[in-house]
> 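Take this structure first; my questions come after.
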There are 2 protein chains.
Amino acid sequence: MRGKRVTSLEVALKAGVSQSTVSRAFSGDERLSQSTRERVLEVARKLGYRPNAIARSLITQRTQIIGIVASYMTNPFFPLVLQAFTQTLHELGWRVLLFTAGTNEDVDDLLPEVLAYQVDGLIIVTATLSSRMAKEVRRRGIPVVLFNRYVPESGASAVSCDNLNGGRMVADLLLDAGHTRLAYIAGREDTSTNQDRRRGFLERLAERGIEHCQQEHGHFTYEGGFAAAMRLLESHNPPEALFCANDIAALGALDAARKLGVRVPQDLSVVGFDDIPMAAWSAYNLTTLRQPREQMIAASVRLLMERIENPGLPGVLEFIPGTLIERQTVRAHGR
Amino acid sequence: MRGKRVTSLEVALKAGVSQSTVSRAFSGDERLSQSTRERVLEVARKLGYRPNAIARSLITQRTQIIGIVASYMTNPFFPLVLQAFTQTLHELGWRVLLFTAGTNEDVDDLLPEVLAYQVDGLIIVTATLSSRMAKEVRRRGIPVVLFNRYVPESGASAVSCDNLNGGRMVADLLLDAGHTRLAYIAGREDTSTNQDRRRGFLERLAERGIEHCQQEHGHFTYEGGFAAAMRLLESHNPPEALFCANDIAALGALDAARKLGVRVPQDLSVVGFDDIPMAAWSAYNLTTLRQPREQMIAASVRLLMERIENPGLPGVLEFIPGTLIERQTVRAHGR
DNA sequence: GTCATTTGTGCAAACGTATGCACAAAATAT
DNA sequence: ATATTTTGTGCATACGTTTGCACAAATGAC
């Protein structure tokens with residue numbers, strides 16, 4: 001049958017102390033004498049005892065578990081984020097309960113199950129919180145951080161790249177290169193990420209006198225970017241420069257250009273957003289706006305920890321500036 | 001402060017029943033009358049009550065949590081696997097506690113912490129179990145499945161692609177294309193995956209009269225594959241065909257070829273292993289051996305579930321055949 | 001009408017730990 | 001020497017559930 005679970009009581013009996021003492025030996029209680037502590041730990045080691053985290057959680061009212069809800073795992077950006085989160089949290093002594101959602105609606109179904117496990121905090125990566133769930137989570141007093149999305153009225157904290165200014169930087173880059181016929185390959189319409197990148201881009205274009213900009217949907221995917229670029233490049237008035245809502249779509253666009261024999265950057269400039277590892281691959285050499293992943297993750301974790309320590313803190317929005325990484329997909333200055 | 005946690009007792013008082021009855025209303029106990037059940041659930045809904053999974057675990061001795069230890073998240077194959085695992089397990093009513101390990105050694109440090117949470121089962125993706133940990137886990141009676149690795153003596157179940165035969169199929173493909181000067185770009189030496197793919201490949205070459213095959217280390221990474229291909233292609237006796245231990249290294253090799261102006265497949269054939277989404281991208285069109293991801297995951301979950309239900313079952317090794325996906329990176333038959 | 005059966009609910013004990021309080025023993029002060 | 005403080009440990013309770021058992025009420029048989 002199921003292997004014996006060793007309990008603190010068994011260790012106690014074998015070591016000739018009380019169960020409380022065993023508990024104290026593991027919790028590092030100061031008052032325990034050196035000798036008993038060593039004896040207890042020795043017996044525990046022999047028996048293969050480790051405190052049951054579940055039982056401990058019940059009494060301490062802390063599970064030391066952070067729930068992470070993630071989606072879009074097909075975009076390489078997110079596995080990297082997920083790995084960094086789990087690694088970071090782990091180093092800080094937390095565990096991660098992972099949920100993956102296909103779409104935003106799924107998050108609503110998932111969340112109650114996460115909450116049943118009494119997670120101490122919640123990180124939601126690239127998905128939004130419905131107002132119903134935001135309320136539910138707030139009522140329970142569970143700190144939440146949204147990563148790469150924000151929902152101003154939700155009361156949840158959020159960390160995101162400064163997409164607005166990122167879009168502006170891309171606009172400047174392409175205008176400085178002398179382009180005038182521009183296009184934006186969009187991501188999902190209902191995401192702040194897509195909206196802000198576009199808004200920053202278009203606002204800056206307008207400020208510099210370019211009122212017109214074509215748009216196509218790229219769905220944040222390779223296939224979507226490929227198809228969007230095909231439509232644009234085969235139209236009667238093809239653009240000279242593409243700003244893609246994220247890198248993976250930009251890679252699709254580059255492959256579309258390659259397929260059509262459109263030379264990059266001579267005939268077409270392409271800029272992405274994210275700076276995923278593949279952007280640096282020599283087949284692409286994509287110029288892109290790097291999201292400061294490490295900083296964003298560190299900030300998210302910091303915000304979360306602060307709110308777990310001090311549940312009274314209000315939600316906060318943090319925008320971290322990105323960096324332009326110039327590779328080979330934008331033509332040189334002034335043509 | 002921390003929001004009130006609603007307990008079954010509060011629901012009970014408000015509904016005018018005992019705490020046990022609330023519990024039974026949620027566990028779907030047959031004997032409860034329709035009317036009280038509805039009344040209880042209604043009150044619970046109003047109060048926002050959900051059973052505390054932690055407390056439940058303590059008494060049922062089942063956490064409904066599966067621990068997943070994963071590594072190599074930079075290879076796109078694994079995020080896909082991870083997502084599929086969490087999705088599948090979730091549909092079956094299980095939760096996933098995620099741990100990411102950098103290297104194999106880390107797994108040993110991680111495992112005790114996973115075990116402290118009393119996981120009901122363990123999936124280890126692309127990392128091996130030290131014999132010490134295998135023993136520890138066995139003593140506790142926790143079912144383990146290794147994914148993409150196997151450790152015969154460990155007693156742990158394992159699911160893997162039939163890498164041995166996969167290597168043979170690649171050998172046949174390249175020999176049929178008329179190649180004789182071949183090279184293998186290896187992955188990590190201490191993995192069964194790398195060993196089996198190479199062994200199958202070399203064995204088949206030998207059977208068909210090719211005794212010699214160059215080898216370089218590609219480390220299962222893009223950069224590694226790129227560098228290995230550079231070394232091979234710039235040597236005095238460059239190979240006509242490359243078999244790369246996985247796709248991501250093969251993509252690196254293709255980019256190396258592109259950089260050197262070596263045409264694929266006219267001057268060089270390249271074959272990968274995995275069939276990650278990028279292999280199908282038009283920039284690469286990589287011929288590769290597809291790992292039957294879905295089947296492997298389904299098998300892993302099945303093995304694990306069986307062993308959770310029936311802890312007496314012995315460990316089992318399951319090898320699932322891969323499929324050759326012929327795209328454009330191997331020259332046509334007989335040159 | 002009584003007695004046997006069924007149905008629905010409550011009681012209380014567990015699960016494995018943490019921790020406030022009490023208190024004995026040892027150390028220190030007077 | 002006694003009185004006071006410090007140190008180390010045990011007792012008992014609590015955390016929020018599930019579940020075997022007991023039992024009252026309702027139902028049915030006669």
Side-chain angles (χ1 to χ4, degrees), chain A residues 1-41 43-44 47-65 113 115-120 140, chain B residues 2-41 43-44 47-65 95 113 115-120 140:
Chain A
M1 292 304 326
R2 181 156 276 271
K4 284 267 155 291
R5 311 164 100 91
V6 185
T7 72
S8 57
L9 188 59
E10 296 172 46
V11 175
L13 293 177
K14 204 132 197 163
V17 297
S18 74
Q19 181 267 324
S20 332
T21 300
V22 176
S23 167
R24 286 193 248 258
F26 275 88
S27 65
D29 192 309
E30 295 290 309
R31 329 214 353 158
L32 220 56
S33 75
Q34 186 72 11
S35 62
T36 42
R37 156 167 296 120
E38 278 170 8
R39 184 157 39 95
V40 168
L41 292 180
V43 172
L47 265 52
Y49 168 79
R50 294 214 94 208
N52 180 330
I54 296 291
R56 186 208 298 259
S57 304
L58 196 55
I59 184 78
T60 58
Q61 304 282 63
R62 279 279 196 109
T63 52
Q64 293 285 105
I65 295 179
E113 320 213 7
L115 298 182
Y117 280 87
Q118 318 295 118
V119 297
D120 293 336
R140 300 230 196 178
Chain B
R2 177 157 280 270
K4 285 269 156 287
R5 310 164 102 91
V6 185
T7 72
S8 56
L9 187 59
E10 296 172 44
V11 176
L13 293 177
K14 204 132 198 162
V17 297
S18 75
Q19 181 269 326
S20 331
T21 300
V22 175
S23 167
R24 285 193 249 258
F26 275 88
S27 66
D29 192 311
E30 294 291 310
R31 329 216 349 161
L32 221 55
S33 74
Q34 186 71 12
S35 61
T36 41
R37 155 167 297 118
E38 279 170 6
R39 184 157 40 97
V40 168
L41 292 180
V43 172
L47 264 53
Y49 168 79
R50 293 215 94 208
N52 181 330
I54 295 291
R56 185 208 300 258
S57 302
L58 194 55
I59 184 76
T60 58
Q61 303 282 63
R62 280 277 196 110
T63 51
Q64 294 285 103
I65 294 178
R95 311 291 160 260
E113 319 212 8
L115 298 182
Y117 280 87
Q118 316 297 116
V119 296
D120 292 336
R140 298 231 199 177

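Per chain, numbering begins at 1; letters A, B, ... match sequence-line order.
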> If you round to the nearest 0.5 Å, how far is CZ of B:Arg31 from OG1 of B:Thr21?
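It is 12.0 Å, given to the nearest 0.5 Å.
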
> Look only at the side chain of B:Asp120 and the backbone of B:Gln64, and say whether a donor-acceptor pair between them is shorter than 3.5 Å.
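Side chain of B:Asp120 to backbone of B:Gln64: a pair is present.
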
> Can you give me the first and the last nucleotide of DNA chain D (5' to 3') that has an atom within less than 4.0 angstrom of a non-hydrogen atom in chain B?
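It runs D:dG16 to D:dG20.
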
> Between B:Thr63 and B:Gln118, does the side chain to side chain donor-acceptor pair (under 3.5 Å) criterion hold? Intermediate values first, please.
CA-CA 7 Å; B:Thr63 51; B:Gln118 316 297 116; over 6 Å; no

> Stepwise, does the side chain to side chain donor-acceptor pair (under 3.5 Å) test hold for A:Thr36 with A:Ser33?
CA-CA 6 Å; A:Thr36 42; A:Ser33 75; 2.8 Å; yes

> For nucleotides 14-21 of chain C, read 5' to 3', which letter fits each nucleotide if B means a protein heavy atom sits under 4.0 Å from the base, S means only the sugar-phosphate is that close, and - means neither?
BBBBBBB-

> For side chain to side chain contact (heavy atoms under 4.5 Å, CB included), just list the numbers for B:Thr7 and B:Asn52, CA-CA rounded to whole Å, side-chain angles, deciding distance to a tenth of an Å, and then say yes or no.
CA-CA 8 Å; B:Thr7 72; B:Asn52 181 330; over 6 Å; no

> How long is the straight-line distance from CD1 of B:Ile54 back to CD1 of B:Ile59, given to the nearest 0.5 Å?
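These two atoms lie 14.5 Å from each other.
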
> Tell me, do A:Tyr117 and B:Ile65 make a side-chain contact under 4.5 Å, heavy atoms counted?
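A side-chain contact under 4.5 Å exists here.
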
